[in-house]
> 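The structure that follows is given in the form of structure tokens.
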Amino acid sequence: MNIPTKYNTQEIEGKWYDYWMKHNFFHSEVDDREPYTIVIPPPNVTGVLHMGHMLNNTIQDVLIRRARLLGKNACWVPGTDHASIATEAKVVAKLKAQGIEKNDLTREEFLKHAWEWKHEYGGIILEQLKKLGASCDWDRTAFTMDDSLSESVIKVFVDLYNKGYIYRGYRMVNWDPEAKTTLSDEEVIYEERQGNLYYIQYSVVGSDEKITIATTRPETVIGDTAICINPTDERYAHLRGKKAIVPICNREIPIIEDTYVDVEFGTGCLKVTPAHDENDKNLGDKHNLAVIDIFNEDATLNSFGLHYEGKDRFVVRKEIAKELEEKGYLVKIEQHTNKVGTSERTKAVIEPRLSDQWFLKMEELAKPAIKAVLSEENKEVKLFPKKFENTYRHWMENIRDWNISRQLWWGQQIPAYYFGDGKEDFVVAENREDAVRLAQEKTGNKDLTAADLRQDSDALDTWFSSWLWPMSVFDGIRNPENEEINYYYPTNDLVTGPDILFFWVARMIIAGYEYKDKRPFENVYLTGLVRDKQRRKMSKSLGNSPDALKLIETYGADGVRVGLLLSSAAGNDLLFDESLCQQGKGLGNKVWSAFYLTSLWEVSTELPQPESSKVAIEWYKAKFQKTLAEIEDHYSKYRLSDVIMSIYKLIYDDFCGWFLEVVKPNYQQPIDATTYREVIKTFEDNLKILHPFMPFITEEIWQLIAKRSPEEALIIAKYPEGEETNETLIAAFDFATDVVSGVRTIRKENNISFKETIDLSVINKENTSTDFDTIIKKLCNIENLSYTDNQIEGSKSFRVKSNEYFVPISADNINVEEELKKISEELKYTEGFLKSVQKKLSNERFVNNAPEKVVAIEKKKEADALAKIETLKNSLASLQ
RNA sequence: GGGCGAGUAGCUCAGUUGGUUCAGAGCACUUGGUUUACACCCAAGGGGUCGGGGGUUCGAAUCCCUCCUCGCCCA
């Protein structure tokens, strides 16, 4: 075998990905095996791979590859999300750059452009995921606006409408004046902004008195329809029932009373603008106030804005402050920080706005989803880490109706058809034919035709399609009893970020129970956010996000995968640093180099197996089993960083550091066939457990070890089975490694080169097994290992437990005083330790109250310490 | 303003019902080593009054109280 000394990531990763694809290993069909299903959190169709995607798709791939090795029918469904607002914004911007205004286009024309955009850029991110090694079933790639998925969305809308969950309401919504659409509450991000508090005087009708209010939004005075005071506030008691005059527009408005007003804030006197503030709207409804909307849809002022018509609200804020000041209405301006809602997508400041929108009633629908996650006795959906249950509870128990309409074209058009101008003059139907029929029934007008119907121009919120994702990708909405949905659903694990716990995860659970009466998935792994070393979020604007593909080029996909997982416990933020990838690459290098070593060996069938190799093989098998059990435990808790760390240590320390060093034949000497066979077997087991994390290099080595048919590829190999761990053997070996370390220390302290053979004598007070003597001899380059009852003069010593070891060295190197000092210190420490143990044991309350096991342990400690002290004292005596 | 969570080695974090897996891991650091698979390596080491204070207990990183400092979610 001619193996290159270095591993070339680029070439090999491409080769094996193609091989896996060619042999359809990622593809899943319904069969008799147990299914294991993950649906990808669909990234935005026009998105580009960033660190967050890398992390969460690596985790999914680890889980799916492991399931495949465990013999399950692993199915990972990939796809993308149409991301209505983000994509539409991009298309609008692109058209604008070409001199085309969206408003000049018809809906059909615009959608044509949008689909062109999708076909050009859509799915780039999926190609990038392939570079990472993602073993998705690409034949199943879905898009939230595929015909079948869109039909599912419409079907669900109609169904929920018919069940009375969807209604149309004139409500205060979050308005994004830049995208000119509403947003759900979840899409609004509150930010602290430095602003001003303006104190403005209103004249009181029929008196010379002025009343001063404080507001952060002076531009809305034009829309004021009342002044509100607190009925308990004596300062304003005399104003009850009076009227005030709005500055500039000189309208008379009532002074109303409501306990809602905070007496402490500002002047304790509030201006009420029902069209532009949610709380004011509530007050307005309660007190029957007029509503004056002064804004256009782009948040410039409309004709109610008088001479400010056409100007932006922030411009008007400055100008009106100036006018108020000039006319003597402005009392003062104070600095004030307040929270401002901004759009998650466009960053524009949100305007509360009254409009007709579609809403989904959530309270009833949420009930099964609350129970599924929070029930103590029967938890059907588990969140990892558990701490997110509290967040989930808080949101679900205070859930508000979901505004599902968006004033966008890119998305599923709301299937409501209007036949008149009245508030109730509409029907909801899956298609126009049904709508005509329903409209005829509703109106009693048999002559009504399709031409008389006007479909609602709004589209549905993107999340209204992605909440069906785990069902719709298997066509479970349109064909609820089809073979695939019955087989793959409920899915097993969902891996996503905590930022979309409400947007997506909670709603999928809701939809799952409503439409399948089953959870959509069993476990939810919430990853942390990827931050940079300074704990800043990775973002484009900060420029602190590394180029994902470049990382893969530099460190290899395997290296990046391991790097990402090494320091990312579930739910913890990941402080990303490129050196992590270097560490990942280092592991690959280590494995490669170990393989390279075995490839150099010449195998001899003549040679007998050395005792040391035989013992080492037994030990490594035991150690492997112990690690395997640990790994299983970590997996069961979704602690993937602990899984990879266990494997990392197994390979670096146990396999390479100890095992290979023992079985390695001397330079240019052949290895016996039995040992070689066992080494290769253990190597293969290592590759299997490493494969989910480093799929490429493991497959490459697997295929170099032996010629394999496609059926024998590592990706579909059989995961090692767990067996009972031989703890005794492991403990005995640990003792031997302590001896080896002791010898190494003596070599180092005395500048004895490893090439130089030495002798070792042992007083075996502990009566340890001699099974590992051959190993100790080999690893320490010992000529003679002998057992004795006496101190050896002219030697340096060390102790493991109460055993004492002597390495004879030349007289020049022996400094009796130093030895004495060293041993005295060791003795002092051990005596101190003994004292503390004995103090505990002489405490009656401890002996009486502590469990027997704990007392026994303390007694063992005492005995060990006593034995060691005896050894140390003997050493001292012999030196003096 | 309301809720949740976290403070353990220089850094990132483990540490399950209080007791040998209780003071740990990886990285970083120091020292030594071109030993013939790997310097992307090996070996040996140093380093923490477990955020502060108080309490319960035979025994506290772990339970309780209090203070301090951060983070997240919601309004």
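Each chain gets a letter, A, B and so on, in the order the sequences are listed, and its residues count up from 1.
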> Where do N or O atoms of nucleotides 17-21 of chain B meet protein N or O atoms at under 3.5 Å, pair by pair?
none

> With sequence neighbours left out, write down each residue that passes side chain to side chain contact (heavy atoms under 4.5 Å, CB included) with A/Asn523, or none if nothing qualifies.
A/Lys382, A/Phe384, A/Asp493, A/Tyr638

> For the pair A/Lys550 and A/Glu553, find out whether any cationic side-chain nitrogen is under 4.0 Å from an anionic carboxylate oxygen.
no

> I want to check something: taking the side chain as every heavy atom from C-beta on, are A/Ile399 and A/Phe502 in contact at a cut-off of under 4.5 Å?
no

> Starting at CD of A/Glu389 and ending at P of B/G5, how long is that distance when rounded to a whole Å?
11 Å

> Can you check the distance between B/G26 and B/C64, where both ends of the measurement are the P atom (answer in whole Å)?
32 Å

> For atom C1', what is the distance between B/G46 and B/A6, given to the nearest Å?
29 Å

> CZ of A/Phe388 versus C1' of B/G71: gap in Å, rounded?
12 Å

> Taking NZ from A/Lys755 and C1' from B/C42, how many angstroms apart are they, rounded to a whole number?
15 Å

> For B/U20, measure the glycosidic angle (O4'-C1'-N9-C4 for a purine, O4'-C1'-N1-C2 for a pyrimidine) and name it syn if it falls within 90° of 0, otherwise anti.
syn

> Can you measure A/Leu580 atom CG to B/C11 atom P for me and round it to whole angstrom units?
16 Å

> Between A/Lys778 and A/Glu661, is the closest basic N to carboxylate O distance under 4.0 Å?
no

> Measure the distance from CZ on A/Phe502 to C1' on B/C72 and round it to the nearest whole Å.
11 Å

> Please encode protein proximity along nucleotides 24-34 of chain B as a string of B, S and -, counting only heavy-atom distances under 4.0 Å.
-SSS---B---

> Once side chain to side chain donor-acceptor pair (under 3.5 Å) is applied, do any residues pair with A/Thr768, and if so which ones, sequence neighbours excluded?
A/Asn764

> According to side chain to side chain contact (heavy atoms under 4.5 Å, CB included), who are the partners of A/Ala616, at least two apart in sequence or on a separate chain?
A/Phe659, A/Val662, A/Val663, A/Ile775

> If the condition is side chain to side chain donor-acceptor pair (under 3.5 Å), which residues does A/Glu862 pass it with, not counting sequence neighbours?
A/Gln838

> Please list, chain by chain and in numerical order, all residues satisfying ring-ring contact (aromatic ring centres under 6.0 Å, His included) with A/Phe624, sequence neighbours excluded.
none

> For B/A25 versus B/G48, give the span between their C1' atoms, rounded off to a whole number of Å.
14 Å

> I'd like a list of close polar pairs between nucleotides 38-41 of chain B and the protein, N/O only, cut-off under 3.5 Å.
unit_1, atom_1, unit_2, atom_2, d
B/C38, O4', A/Ser593, OG, 3.1
B/C38, O2', A/Asn589, ND2, 3.1
B/C38, O2, A/Lys590, NZ, 2.9
B/C38, N3, A/Lys590, NZ, 2.9
B/C40, O2', A/Asn589, ND2, 2.7
B/C41, O3', A/Lys590, NZ, 3.1

> Report yes if some heavy atom in the side chain of A/Lys664 is under 4.5 Å from a heavy atom in the side chain of A/Leu597; otherwise report no.
yes

> Report yes if the side chains of A/Val173 and A/Phe359 come closer than 4.5 Å at any heavy-atom pair, otherwise no.
yes

> Could you give the distance separating B/U35 and B/U30 at their C1' atoms, to the nearest angstrom?
23 Å

> If I pick the P atom on B/U16 and the same atom on B/U62, what distance separates them, to the nearest angstrom?
11 Å

> Only counting residues at least two apart or in another chain, list the ones meeting side chain to side chain donor-acceptor pair (under 3.5 Å) with A/Glu632.
A/Arg66

> From CD of A/Glu397 over to C1' of B/C73, roughly how many Å is that when rounded to an integer?
15 Å

> Please state the P separation for the pair B/A9 and B/A61 - nearest whole angstrom.
15 Å

> Would you indicate which nucleotide in B/G5, B/A44, B/G15 comes nearest to any side-chain atom of A/Arg639?
B/G15

> Not counting sequence neighbours, which residues clear side chain to side chain contact (heavy atoms under 4.5 Å, CB included) with A/Ala506? List them please.
A/Tyr392, A/Trp395, A/Met396

> Relative to each other, are the rings of A/Tyr805 and A/Phe798 parallel, tilted or perpendicular (30° and 60° limits)?
parallel

> How do A/Thr737 and A/Leu660 order along RNA chain B: which one's closest nucleotide is nearer the 5' end?
A/Leu660

> In which ranges does RNA chain B form stems of 3 or more consecutive Watson-Crick or G-U pairs, distances under 3.5 Å?
B:1-7 with B:68-74, B:10-13 with B:24-27, B:29-33 with B:41-45, B:51-55 with B:63-67

> Go nucleotide by nucleotide along RNA chain B from the 5' end; which of A/Tyr596 and A/Gly742 gets its closest nucleotide reached first?
A/Tyr596

> Suppose we screen for side chain to side chain donor-acceptor pair (under 3.5 Å). Which residues come up paired with A/Asp176, at least two apart in sequence or across chains?
A/Ser343, A/Thr346

> P atom, B/C50 versus B/G10: distance in rounded Å?
13 Å

> Nearest whole Å is fine: how far is B/C74 C1' from A/Leu501 CG?
13 Å

> Would you say the side chain of A/Tyr7 lies within less than 4.5 Å of the side chain of A/Glu700, judging by non-hydrogen atoms?
yes

> Given B/A44, B/A37, B/U16, which nucleotide is nearest the side-chain atoms of A/Leu597?
B/A37

> Closer than 4.0 Å, any side-chain N/O of A/Ser741 to the OP1 or OP2 of B/A44?
yes

> Which of the following nucleotides, B/C58, B/A44, B/C74, is nearest to the side chain of A/Arg845?
B/C58

> Are A/Lys386 and A/Glu389 close enough for a salt bridge, meaning some N to O gap below 4.0 Å?
yes

> Taking the P atom in each of B/G47 and B/C40, what is the distance between them to the nearest angstrom?
29 Å

> Quickly work out the A/His394 NE2 to B/G5 P distance and round it to whole Å.
12 Å

